[in-house]
Each structure stands twice: as structure tokens, then as C-alpha cells.
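Note sheet for the following structure.
Scope of the values below: all heavy atoms of this structure, side chains included, with no hydrogens, waters or symmetry mates. Just so it is clear, the structure is predicted and the values come from calculations on it, not from any experiment. In this chain, residues are counted from 1 in sequence order.
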Amino acid sequence: MTERGPETSDADTIYVFAVCRDPDPTDVVGLTGVSDDSAVSTLSLGTLTAIVQTVRAADFTDEAWQARLSDQRELERYARAHHDVVSAVAARCPTVPLPMATLYHGERRVREALGEEADRFRAALRRIAHHAEWGVKVYAPPSTRDGRDARDGRDEREGRSDRLERDRRDDPHDPERALARQVASADRTRPAPGAGLAYLNRKRGAQERRERGQNEALRIAEAVDAEVGGLAKASRRLRPQSQAAGERRVQVLNATYLVAEHRAEELARLTRTLRERTGARIELSGPWVPYSFVGEV
């Protein structure tokens with residue numbers, strides 16, 4: 001939908017934030033939008049309405065926009081400004097958000113381009129009316145047994161080192177005792193019969209415990225998704241997010257759900273119940289503008 005090009009610095013273009021149904025024009029009063037040069041306003045599309053702002057075309061040329069994408073702070077500022085407008089309107093009426101930096105060369109082009117997609121906008125508005133998007137994340141608990149195995153091995157090695165150190169401190173000038181200490185030390189450091197097999201069994205047991213823990217975490221994730229999905233109108237599974245360095249927990253579910261506004265408290269209660277029942281860490285976030293459920297518009 002975006003029309004961007006090498007416009008001159010004195011040209012203007014229309015930035016479109018969203019398409020909605022029956023907004024009150026006062027809903028956008030006071031919104032800053034992405035530019036200080038003009039106010040956010042509404043533009044009639046017949047039975048639909050676009051939320052727009054006139055901006056300097058030179059600020060949104062391909063070159064200018066690519067430079068902005070490489071500046072994390074500037075990009076975050078624009079993304080926040082775009083989202084603030086969408087959220088303010090969505091709080092008052094069903095709203096389909098458009099991608100950031102959706103631009104057209106004048107109001108006529110806005111009406112033509114968005115008018116061609118009117119049926120899809122209406123379908124999306126019917127789907128999300130009086131609904132909000134909620135996120136649910138489930139994390140597998142860290143394996144405590146692995147930590148115990150590592151500590152046990154470390155304690156055993158440290159204990160052996162302490163014994164050897166005590167032997168070295170006991171009368172080092174007595175040749176007979178020194179020889180006896182060397183023999184005793186060799187006996188203590190020599191692996192006991194079957195030690196290698198015991199080590200392999202411990203490693204195998206640790207691996208089996210990890211696999212059981214992972215399978216149980218995945219089972220919990222599927223159960224949570226099924227129960228929350230049963231309450232929602234629609235759902236989407238997202239790719240699990242990578243965890244920060246040193247973070248031991250593993251994300252096994254990252255999903256988003258379209259939930260009716262009147263069922264928000266029911267969703268919160270269900271999440272609490274699932275936490276208590278499964279013992280898993282379950283994070284609930286929202287409500288959000290239903291970006292994930294408006295389709296490709």
C-alpha cells in the first residue's frame with residue numbers, strides 16, 4: 001500500500017495509521033502522530049474512515065526511511081507514535097491498524113487504494129469488533145537435578161583435593177610416612193571398580209530426566225494452548241523467543257489469542273488456575289490492539 005519516492009522537500013503526502021468504523025472525530029484531537037507539522041485527522045472512505053496525518057514527503061523517501069530504520073532510537077520513536085494513535089482510536093471503535101509508514105500521494109489516492117480493499121477491511125472489522133489481543137507465554141522450569149549432579153561431582157573432587165592437601169602437610173620430612181602417603185594417595189585417586197559404568201549411568205540418567213522434563217513442559221504448553229484457545233475466538237502460535245544469556249528457563253509456548261472484551265476476567269482466572277494446576281510459569285499480557293488478527297490489509 002505504501003507509495004514512497006524521491007519527492008521534493010516542499011511536497012506533502014498522507015500518512016495512514018488505521019481504518020475504522022464510525023469514529024468520533026474528537027477521538028483524534030490532541031494526538032501528536034508522527035509529525036509536529038499537522039494534526040491527526042479523519043478521512044471519510046464512504047462507510048469506513050481512515051485515520052490520517054499530512055507529513056512532509058521528504059521525511060519518508062526511500063533514503064530517509066532506510067536511514068531511520070538503521071537508527072534504533074528514531075525507529076522506536078516512530079513506532080511508539082504510530083501505536084499511540086492506533087491505540088487511542090481502537091479504544092473507542094473497531095479499528096484495523098495499518099503497517100507503520102503507510103503513505104499515499106494525496107487524499108484521492110488514499111480513497112482509491114483503500115477503497116479497493118473495502119471488503120477486506122469490513123471483514124476484519126467484523127472479526128475484531130469488541131475483541132482484544134492477549135499474549136500467553138509458558139516456560140519450562142529449569143532442571144534442578146542437573147545442578148545437583150554438577151555440585152555432587154564438584155564436592156567429590158574438592159573433597160579428594162582436601163585429603164591430598166592434608167597428607168602433604170603431615171610431617172613431610174618422614175620418608176616412611178611420605179611413601180605411605182604416596183601409596184594411599186594413589187589408592188584413593190585410582191577409580192574404583194565399576195566407576196566408569198556408574199559415571200555413564202549418571203550421565204544417562206541426567207539425560208533421561210532432561211528429556212522427561214522437556215516432554216512434560218511441551219505437554220503443559222499444549223494443554224494451556226487448548227484451554228485458552230477454547231475461550232478465544234481465534235489464536236496464533238508464534239515462534240518461541242530466545243532467552244537472555246544465563247537464563248535457564250526455556251519458553252515452550254508463545255501464542256496470541258483474540259478474546260471478547262467481556263471474557264477478559266475469565267481469561268485472567270483461567271490463567272491463574274492453569275498456573276496452580278501445572279506449576280508452570282505462565283505469563284499473560286494484554287489487552288492489545290488485535291494486530292495479529294486483522295489479516296493482510
Side-chain angles (χ1 to χ4, degrees), residues 1-20 23 25 27-43 45 48-93 95-117 120-121 124 128 132-133 135 236 238-245 254 256 285-297:
M1 289 185 178
T2 299
E3 298 176 337
R4 191 182 293 121
E7 293 84 353
T8 59
S9 60
D10 58 349
D12 288 333
T13 192
I14 305 298
Y15 186 115
V16 185
F17 296 92
V19 172
C20 53
D27 292 343
V28 300
V29 173
L31 296 179
T32 304
V34 296
S35 173
D36 295 329
D37 296 333
S38 64
V40 177
S41 61
T42 61
L43 179 63
L45 305 175
L48 302 175
T49 301
I51 307 300
V52 302
Q53 184 174 31
T54 300
V55 298
R56 294 176 63 249
D59 292 339
F60 290 91
T61 62
D62 288 333
E63 182 179 354
W65 190 246
Q66 288 302 318
R68 191 170 292 121
L69 290 175
S70 64
D71 185 334
Q72 186 65 30
R73 182 174 297 179
E74 184 73 356
L75 181 61
E76 288 178 358
R77 184 178 74 84
Y78 268 86
R80 189 177 303 110
H82 181 96
H83 178 70
D84 286 348
V85 172
V86 172
S87 297
V89 178
R92 301 297 186 91
C93 63
T95 301
V96 174
L98 296 187
M100 190 167 59
T102 297
L103 303 159
Y104 295 98
H105 303 321
E107 294 184 358
R108 182 180 62 82
R109 279 296 300 141
V110 175
R111 291 190 173 97
E112 289 176 354
L114 299 187
E116 293 173 358
E117 301 292 333
R120 295 174 64 185
F121 282 121
I128 66 174
E133 181 171 336
R236 288 186 62 188
L238 308 176
R239 179 178 299 177
Q241 297 171 327
S242 301
Q243 301 305 295
N254 182 20
T256 185
S285 61
W288 313 114
V289 177
Y291 285 91
S292 300
F293 300 98
V294 297
E296 297 296 325
V297 295

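Judged by distance alone, with hydrogens and angles left aside, the side-chain atoms of Asp37 form no donor-acceptor pair with the main-chain N or O of Val55 at under 3.5 Å.
Residues Gln53 and Leu31 fail the side-chain proximity criterion, which asks for heavy atoms closer than 4.5 Å. The shortest side-chain heavy-atom distance between Ile51 and Val40 falls under the 4.5 Å cut-off. At a threshold of 4.5 Å between non-hydrogen side-chain atoms, the residues Ile14 and Thr54 count as touching. You'll find the side chain of Gln72 reaches within 4.5 Å of the side chain of Glu76, heavy atoms only. Side-chain contact between Ile128 and Val294 is present, with at least one heavy-atom pair separated by less than 4.5 Å. Counting heavy atoms from C-beta outward, Tyr78 and Asp71 have side chains that stay 4.5 Å or more apart. Side-chain atoms of Tyr104 and Leu114, non-hydrogen and from C-beta on, do get closer than 4.5 Å to each other.
Remark: Glu116 engages no residue in a side chain to side chain donor-acceptor pair (under 3.5 Å) (not counting sequence neighbours). In this structure Ser87 satisfies the side chain to side chain donor-acceptor pair (under 3.5 Å) test together with His83, sequence neighbours excluded. Not counting sequence neighbours, Thr42 has no partner by the side chain to side chain donor-acceptor pair (under 3.5 Å) test. In this view, Gln66 satisfies the side chain to side chain donor-acceptor pair (under 3.5 Å) rule with no residue, not counting sequence neighbours. Legend: residues meeting ring pair (Phe, Tyr, Trp, His ring centres under 6.0 Å) with His82, ordered by chain and number and at least two apart, are Tyr15, Phe17.
Of all heavy-atom pairs spanning Thr95 and Ala90, the tightest one is OG1-CA, 3.4 Å. In terms of heavy-atom proximity, Glu133 sits nearest to Tyr291 at OE1-N, 3.1 Å. Nearest heavy atom pair, residue Pro97 against residue Ala18, reads CA-CB, 4.0 Å. Here the closest non-hydrogen pair linking Gly33 and Val85 is CA-CG2, 3.8 Å. Between Val28 and Ser41, the shortest heavy-atom distance links the atoms CG2-CA, 4.0 Å.
In this structure, CG on Leu43 lies 11.0 Å from CG on Leu48, to the nearest 0.5 angstrom. Here the CZ atom belonging to Arg80 is positioned 9.5 Å from the CZ atom belonging to Arg77, to the nearest 0.5 angstrom.
Under the side-chain contact (heavy atoms from CB on, under 4.5 Å) rule, Thr13 has a single partner from Arg56, His105, Arg109, which is His105.
Applying the salt bridge (charged side-chain N to carboxylate O under 4.0 Å, His left out) test to pairs two or more places apart or on separate chains, those with a residue in residues 96-107 are Glu107-Arg111.
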- Task: Walk me through it: do Met100 and Val34 pass the test side chain to side chain contact (heavy atoms under 4.5 Å, CB included)?
- Result: CA-CA 10 Å; Met100 190 167 59; Val34 296; over 6 Å; no
